[in-house]
**Student:** 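Take a look at the following structure, please.
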There are 2 protein chains.
Amino acid sequence: MIVVQSSSAVTPQPAEGIAHPARAELELAAVLHALSDPVRLRMVAALAGDDGEHTCKSFDVPVTKSTCTHHFKILREAGVIHQRQAGTSRLNALRREDLDARFPGLLTTILQAASAPHETA
Amino acid sequence: MIVVQSSSAVTPQPAEGIAHPARAELELAAVLHALSDPVRLRMVAALAGDDGEHTCKSFDVPVTKSTCTHHFKILREAGVIHQRQAGTSRLNALRREDLDARFPGLLTTILQAASAPHETA
DNA sequence: CAGGAGATACGATGATCGTCGTACAAAGTT
DNA sequence: AACTTTGTACGACGATCATCGTATCTCCTG
């Protein structure tokens, strides 16, 4: 299962219909809303665990596939994650650089808060 | 169930009747949700401006009094603000200490993000 | 006491949300 | 080709939300 990645500048592919907001267009309210759901918070925490890309399947959340897709859409449209197609899978990655540039420290602080005692649910 | 109340005014609700969650009970998701509304974000930013207490009236938000009350309830129940009765007015204050203790840096970071360029709306 | 000011309570309404099931599409695998 | 895997699309549902208008309450002041 080797994914062939081009060595050239891949150009932030729109990937045929997967729309992502530009860095300058990230809205704080949207980001906070995206992170205000326990399921999504868990997803983001998992993504932040190792900065790699995760398939949708690799998340341990108590919802169905449909709901997962829905949550990923919210996260993507808020600019929290980036989605990239790779075969039958869709790889999800945290847009950490963009978020840090736009809202310095926000992501880190929220993830810390999320892993605080009594909040590990 | 029809209750005829207040005909002979008894035991009105003192300031103690306003319920606030304890520090240990603050939930991240609730806080993030409370702050994910532009109007509430503005209110909190105003409260953070000078750490004093603000009456409900003193906020410049484009909603009616009813809606204001609603937003304050959300903020209070999430533990973001503290409300205290003072005469006919209700004084609102940011629960900065509790928030900082529970979610270190969160409030500061969000407020910074809220006052970032392009987000000053 | 009567009136005004500050704020809540109580619907009501239209919008959005979180969840699901089913159906469908694309890319590997056998 | 047929099947499996991975994920989306489309409704649908109950729940919550943000907003408002109006009625009501409490306190202060004339």
Side-chain angles (χ1 to χ4, degrees), chain A residues 1-4 15-20 27 29-44 53-78 81-93, chain B residues 1-20 27 29-30 32-43 53-78 81-93:
Chain A
M1 194 70 68
I2 305 297
V3 177
V4 181
E16 298 109 39
I18 309 182
H20 296 78
E27 283 177 37
V31 172
L32 293 180
H33 171 251
L35 297 178
S36 71
D37 183 278
V39 173
R40 290 195 289 264
L41 201 48
R42 219 156 119 177
M43 289 170 161
V44 171
E53 294 173 306
H54 287 231
T55 70
C56 292
K57 192 63 180 183
S58 70
F59 292 93
D60 181 29
V61 287
V63 290
T64 65
K65 282 194 305 176
S66 310
T67 308
C68 248
T69 297
H70 166 71
H71 285 312
F72 278 118
K73 189 176 174 185
I74 301 275
L75 287 171
R76 169 168 46 85
E77 291 180 345
I81 67 171
H82 174 86
Q83 290 189 296
R84 180 172 74 83
Q85 199 71 29
T88 75
S89 297
R90 183 163 289 196
L91 297 184
N92 302 280
Chain B
M1 180 178 64
I2 301 181
V3 177
V4 181
Q5 64 175 15
S6 81
S7 53
S8 54
V10 279
T11 62
Q13 295 183 353
E16 318 304 331
I18 309 177
H20 295 77
E27 283 177 38
L32 293 180
H33 171 251
L35 297 178
S36 71
D37 184 280
V39 173
R40 291 194 289 264
L41 201 49
R42 219 156 118 176
M43 289 169 162
E53 294 173 307
H54 286 232
T55 68
C56 292
K57 191 64 180 184
S58 69
F59 292 93
D60 180 30
V61 288
V63 289
T64 65
K65 282 196 303 178
S66 310
T67 308
C68 248
T69 296
H70 166 71
H71 285 312
F72 278 118
K73 190 177 176 186
I74 302 274
L75 287 171
R76 169 168 47 87
E77 291 180 346
I81 67 170
H82 175 85
Q83 289 189 296
R84 181 173 72 85
Q85 200 70 30
T88 75
S89 296
R90 184 164 287 198
L91 296 184
N92 302 281

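Each chain gets a letter, A, B and so on, in the order its sequence line appears, and its residues count up from 1. If you're wondering where the values come from, they're calculated on a predicted model, not measured in any experiment.
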**Student:** In residues 56-68 of chain A, what donor-acceptor pairs under 3.5 Å come from side-chain atoms, sequence neighbours left out?
**Tutor:**
residue	atom	partner	partner atom	Å
Ser58(A)	OG	Thr55(A)	O	2.8
Thr64(A)	OG1	Thr67(A)	OG1	3.3

**Student:** Quick test of your reading: applying side-chain hydrogen bond (donor to acceptor under 3.5 Å, both in side chains), list the pairs with at least one residue in residues 29-41 of chain A, sequence neighbours left out, ordered by first then second residue.
**Tutor:** Arg40(A)-His71(A)
**Student:** Please check if the side chain of Asn92(B) supplies one atom and the backbone of Gln83(B) the other of a donor-acceptor pair under 3.5 Å.
**Tutor:**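 Judged by distance alone, no pair lies under 3.5 Å.
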**Student:** Calculate the interatomic distance between His33(B) atom NE2 and dT16(D) atom P; express it in whole Å.
**Tutor:** 11 Å
**Student:** Can you check the Glu53(A) CD to dT6(D) C1' distance for me, whole Å?
**Tutor:**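 Nearest whole value for this atom pair: 16 Å.
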**Student:** To the nearest 0.5 Å, what is the distance between CG (Leu75(B)) and CG (Leu41(B))?
**Tutor:**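 Those atoms lie 9.5 Å apart.
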**Student:** From the options dG18(C), dG7(D), dG6(C), select the nucleotide whose nearest atom is closest to the side chain of Asp37(A).
**Tutor:**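 Looking only at heavy atoms from C-beta outward on Asp37(A), the closest nucleotide is dG18(C).
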**Student:** To the nearest Å, give me how far apart CZ (Arg84(B)) and P (dC27(D)) are.
**Tutor:** 14 Å
**Student:** What is the separation between atom CD on Gln85(B) and atom C1' on dA5(C), rounded to the nearest whole Å?
**Tutor:** 13 Å
**Student:** Whole Å only: how far is the CD1 atom of Ile18(B) from the C1' atom of dA9(C)?
**Tutor:**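 So the CD1-C1' distance, Ile18(B) to dA9(C), works out to 14 Å.
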**Student:** Could you check Ser58(B) against Gly87(A) and say which one's nearest nucleotide on DNA chain C is further toward the 5' end?
**Tutor:**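 The residue whose closest nucleotide sits nearer the 5' end is Ser58(B).
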**Student:** Closest nucleotide of DNA chain C for Leu91(B) versus for Ser36(A): which of these residues is on the 5' side?
**Tutor:** Leu91(B)
**Student:** Measure the spacing between OG1 of Thr69(A) and CD1 of Ile74(A) and express it to the nearest 0.5 Å.
**Tutor:**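 With rounding to 0.5 Å, OG1 (Thr69(A)) is 12.0 Å from CD1 (Ile74(A)).
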**Student:** Give, for atom NE2 of His82(A) and atom NE2 of His20(A), the distance between the pair rounded to the nearest 0.5 Å.
**Tutor:** 4.5 Å
**Student:** Taking atom CD of Glu53(A) and atom CD1 of Ile81(A), what is their separation to the nearest 0.5 Å?
**Tutor:** 11.0 Å
**Student:** If I take atom CD in residue Gln83(A) and atom C1' in nucleotide dT6(D), what distance separates them, rounded to the nearest angstrom?
**Tutor:**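 Nearest whole value for this atom pair: 13 Å.
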**Student:** Taking only the side-chain heavy atoms of Thr88(B) (C-beta and beyond), determine which of dT26(D), dT6(D), dG18(C) contains the nearest atom.
**Tutor:**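 Out of dT26(D), dT6(D), dG18(C), the nucleotide with an atom closest to Thr88(B)'s side chain is dT26(D).
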**Student:** Taking only heavy atoms on the protein side, list every residue of residues 62-74 of chain B lying under 4.0 Å from any atom of DNA chain C, sorted numerically.
**Tutor:**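 Only Lys65(B), Ser66(B), Thr69(B) qualify.
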**Student:** Could you tell me whether the phosphate oxygens of dT8(C), OP1 or OP2, come under 4.0 Å of any side-chain nitrogen or oxygen in Arg90(B)?
**Tutor:** yes
